[in-house]
Every structure is written in C-alpha cells, then in structure tokens.
Amino acid sequence: MSDPNTPPPASDFIRDRVRADLDSGKVQQVVTRFPPEPNGYLHIGHAKAITLVFSIAKEFGGRCNLRMDDTNPEKEAQEYVDAIQDDVRWLGFEWDGLYYASDYFPQLFAWAEQLIENGLAYVDDQTAEQIADSRGTVRAPGKDSPFRDRPVAENLDLFRRMKSGEFPDGSKVLRARIDMAHPNLNLRDPVMYRVRKLHHQRTGDEWCIYPMYDWAHGQSDSIEGITHSLCTLEFEHHRPLYDWFCEKLGIWHPQQIEFARLNVEYMLTSKRKLLRLVEEQHVDGWDDPRMPTIRGLRRLGVPPEALVAFCRHVGIAKVNGTHELALLEHFVRDWLNQHAERRMAVLDPVELVIENWPSPEHVEWLEAGNNPEDPAAGTRQVPFSGKLWIEREDFMADPPKKFFRLGPGREVRLRFGFFVTCTGFDQDDAGNVTCIRCTYDPETKGGNAPDGRKVKGTIHWVSQAHAVAVEARLFEPLFREPDPASADGDAFVAMLRPDSRRGVTAHCEPSLGEATGGQRFQFERVGYFYCDAKDSKPGAPVFHRTVGLKDSWKKVQAKGD
Ligand code: ATP
Ligand code: MG
C-alpha cells in the first residue's frame, strides 16, 4: 500500500515500469537500493540517484536499502562508509536496511562454485594482459583461453586454492564461460574473481580473492530481494551479463533499469577526479564549499530540501545531458527566499555621515522585519546612528539618470530607517570617495514620508559604532569552463579558476555577531549566506555566500571577466 500522505507517483519510464510490475503481480512490494562504493565522498550525481531510489520506494509503499558496494578494498575506507550514511541522512532519507556487499562474500563464493560445477566458469592462468589481448574488438571475435576447457574438478580445486591464498596476485582469475565471440564484449568470458592479497576494512584478511563488480552487484541485489535495480546508463551494456548470472544460478532476478547520469555545469561528478583535486590541494578537502560533493554543497549552505527539489525537478532521462548551474541556484534561492532571515551587512564599505543627526551619541532603534515572505519570522531591533557604512557601489559622484541609488543632491531610503539626501562627498588624492555627507528627514522614520513623497531607491547600511566585522567568503565556480568533465584525461586541472574563492570583511548589524554554525541568512541586497560550522568561533562567525540574489555569475561572464 502506498503512503496516503505521498502524492501519487509521477509518470516516467521507471515509474511506469514499476507500476506495471506491481499491477501484473510480478512483484508484491517494490525494493530498491542505493549501492555506493565507499571509495570517496558522495557528489551531486549521487544526490540524484539517492532521491530517485528512495522516492520510488516511498511513492510505491516499498523499501529502499543502503548497500555499501565494498568489494574492492584497495580504495575503500571506513571514513567513506561513515560519510555516506551521514550524507544520505542529511538529504532527508532513511534506509530500511544497511547492508555490505562484503557480507555476501561466502554466498558469492558458493554460487561461483555452482557455476564451475555446471561448466559455466573456469580458472584462467593467463595474465591480465593476455586476457585483454584475446578479448577481440567490436568487429573481431575474441580468442578462447587455452585454459577454457579445464575439467570441472580441476577448476574447483584451483578456485578453492585461489581462495586459500596459494597463488600470488595476478596469477589466476575465475572467468564466466560464456562466448568469446559474443557481440557484447562484456559477455566474452568476463572475469569474476581476481587474487588480491589485500586487507579489507570489514572482512580483514579472511579473503584474498575479490569479486568483480558485475559478479558482485547483481547477486547482491538478488540476495536482498531488490525488485528494481536502478543504475546509470554506463551499465546498460552490462545488463545482459547481470541477467545471465541470475538466470544461470536460478536465483531471484531483479530488473535492472538504467537512467542518465546527472551532470551540472562547472561541476565534476567523478570521484576519481574529485579525489585528485583534494590530493593535489586545489581545494581544502572533500567538504570545500566549491566542491560538488554533498559535503561541499552543505558547507556552501545549500539546503538539503533545495538539492532534493532540484533532483526531482530534473527527473530522469535516457540520454546524458548537462544542466545549467543557474537551475540549481534557482532552487537554492527559492528555498532560501522562503526560509532565510534577512540581515544587513556591508561588504565593501564607504562612510556615510548624517550632518543633521542630533548628536554623536544619539542612537535610534528601528524595527526590522526578519522575513517579508514569512510573517512568523518576526522582527528585530537594529541600531541607527549618525555614522554609517553603506556599500561603495551604492554611491556615484556623477550618476546617470537611471542610477536609483545615492548621488549628490539625491534622496534615497535607508532600509527600515530614514530618507537621506546627499549634500556632498570627500575624495582622497586618487579620487576614491572617502566620505558621503547627507542630511536626514526625521519625519521618515521607518521608511515612509508623511507627505507621501517617494524615493526611487532603498539601500542597506549598518551603524559604524555597532557594526561587527566578520569574515565572509565569496565563491565562483571552481572551473573556468562549464564542462570540465569533457577535458581529456587530466586537462580539467588546467581549467581551474585561480580566483574561485575570495575572502572579504563584512560589516554586519550586531545580531550577526551571535550567529552560529548552520544558520542561513539573506544579507539584504548582497546574497544568501551560510554560517560555516567548521571555521566559525563563538562571537566570530564565518559566512559563506551560498548564492547571489540575482544571477550574478552570468552577469560577470557577460562583462567578459
Ligand atoms: P564515480 O565514477 O564518481 O566513482 P560511481 O558511479 O562509480 O561514481 P558509485 O559509488 O558506484 O559511484 O555510485 C553509486 C550509485 O550512484 C550508482 O548506482 C551510480 O549509478 C549512481 N551515480 C553515480 N554517479 C551518478 C551521477 N552523476 N548521476 C546519477 N547517478 C549517479
Ligand atoms: Mg561505481
């Protein structure tokens, strides 16, 4: 039964298939799984796969497992196992069962023996190179191994001795005995096991033969009673092998269905390449806010709800494509607009002095709404005084007509505060504005004139005497080119932007000094900022700009920066 609180499942080629299998009675309850290899941190592509498999299980009243595909100890680590669980939960999903492919090693071994006994697998003494050379090509058939017709008893004996550690790495493999002339190269006697004398993070030194992906994956699915094994397109040509193993063993046969990988402009979704960025210290780590890892996006301040909404929106496809970064940012902005409280902060300050302010000590406390989208967010008090900081770009000495901010003789509204009129300004020898002089209209407190006169612009500000200076980090995409994944080999490294992170001092209204890790704000007119839990100290928060208010990235590009 499906959950009555969940909207009816959308229609797409996977959901249609699931629905048909339920309707026909082929499956009673949907069981899916997310099967990461714990050899790195999850990235935005995994977020899509997670959203898909967990949502389908939920929509159809089924179950979804988290399975660590830990069959290759060389690159795997407990650190990744822990991080994967944490990241899945952060996205808002909870698995029904947590499993490890390594727990299935004994069953996989027994099934391999069964294939040997049925003449469907053999031990090959050829080197990896010889095996590759005799595989043939799409046009030319492969060549049978000289060991292909070994008697069953000899194969069984050798395979067991492989397991007991008698043979060195690379000296023998177990191969499925299918067809060396098969049009699909994956079925030309694929390797099932190789000897690797490696310590495994869970099974220790119990095993020195490890199963290949194609052998372990489908059988793990079968053991768990997975009904729909959803994976990315690159496994499409492996499906016949997936099916072959299940059929020959006569075990539960899950349906593998492939969907397109998620790619987003400026982002890499290859763990190997991301690892390289970390190892060569192009970034500070897997959780660097510029990384497309779930950790990185989290530290950038991307809310999990926005990431999941994006993943749902892009849906599934049968053809790989790349989504615009602006689309992801749209979902992030949309969520933050609803939920982030507003604050004022000035990132590039210039002094504004109010000449008719009653006295230097005089302070007015103004009521400021925390979120116009959410009245329940309430209000706060913000101090206003005769010396303020405003944003340098909000003033022009000789502004054009369409500049609706401050200039000599012009009147603007200071947000939540008063109308001010510019009476003059000071410059240093280099022509930089050092001080803007204004008068204020005491009648306009709160931002409206009793005589009904209007101003064209509203700008933000902070009181100098009350301002807290904090570190703010502004980010640009890590890469100069939108498609770093298309670079040959390791050429993506040369596409890194040298200036993808910039630190500035933000002069903030006092309440921001108290911000704690994990809080999200809109700095009015500047962008959405996230208080970083890792680098913030009590009283000294560090903010990451999650996203600008408008599509600032596109604008910068258009200017040819
Ligand atoms: P990588 O090539 O970066 O190592 P992977 O596909 O090998 O990635 P796994 O840990 O094996 O990583 O992936 C777990 C699951 O996530 C698989 O089902 C895989 O198909 C899916 N997945 C991985 N990358 C993407 C992506 N970019 N878009 C959608 N799903 C993905
Ligand atoms: Mg993989």
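Source: prediction; values computed, not measured. We count ligands from 1, going down the list as the structure has it; atoms in each ligand are counted the same way.
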Under 3.5 Å: donor-acceptor pair, side chain of H339, backbone of W335: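 Checking the backbone N and O of W335 against the side chain of H339, a donor-acceptor pair under 3.5 Å is found.
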Can an N or O of [X] be found at a distance shorter than 3.5 Å from an N or O of ligand 1?
| X | result |
| --- | --- |
| E234 | no |
| R33 | no |
| N263 | no |
| C231 | no |
| N39 | no |
| E37 | yes |

Whether F310 and H323 hold their rings parallel, tilted or perpendicular, with breakpoints at 30° and 60°: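 Because their plane-to-plane angle is over 60°, the rings of F310 and H323 count as perpendicular.
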Ring geometry between H217 and F235 (parallel below 30°, tilted from 30 to 60°, perpendicular above 60°):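 Rings of F235 and H217: parallel, as their planes differ by under 30°.
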Please could you name the atoms of ligand 1 that [X] approaches to less than 4.0 Å, counting only its heavy atoms?
| X | answer |
| --- | --- |
| F34 | 14 (C), 15 (C), 16 (O) |
| S270 | 3 (O) |
| A49 | 16 (O), 21 (C), 30 (N) |

F13-F259 aromatic ring centre distance below 6.0 Å: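 Judged by ring-centre distance (under 6.0 Å), F13 and F259 do not meet the cut-off.
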Sub-6.0 Å ring centroid separation between F475 and H544: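 Ring centroids of F475 and H544 are less than 6.0 Å from each other.
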Proximity of H43 to ligand 1 by residue part, where a heavy atom lies under 4.0 Å: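 For H43, the contact with ligand 1 is made by the side chain alone.
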Name of the residue among L98, D103, D221, I223 meeting side chain to side chain contact (heavy atoms under 4.5 Å, CB included) with R67: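 Passing option: D221.
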Pick from E258, R261, K48: the one approaching atom 24 (N) of ligand 1 most closely through a non-hydrogen atom: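 Ranked by closest heavy atom to atom 24 (N) of ligand 1, first place is R261.
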Nearest-0.5 Å distance that lies between atom SG in C64 and atom CZ in R33: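 Going from SG on C64 over to CZ on R33, the span is 8.5 Å.
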Partner of Y193 by side-chain hydrogen bond (donor to acceptor under 3.5 Å, both in side chains), out of W207, W215, Y210: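 Testing Y193 for a side-chain hydrogen bond (donor to acceptor under 3.5 Å, both in side chains) against W207, W215, Y210 leaves exactly one candidate, W215.
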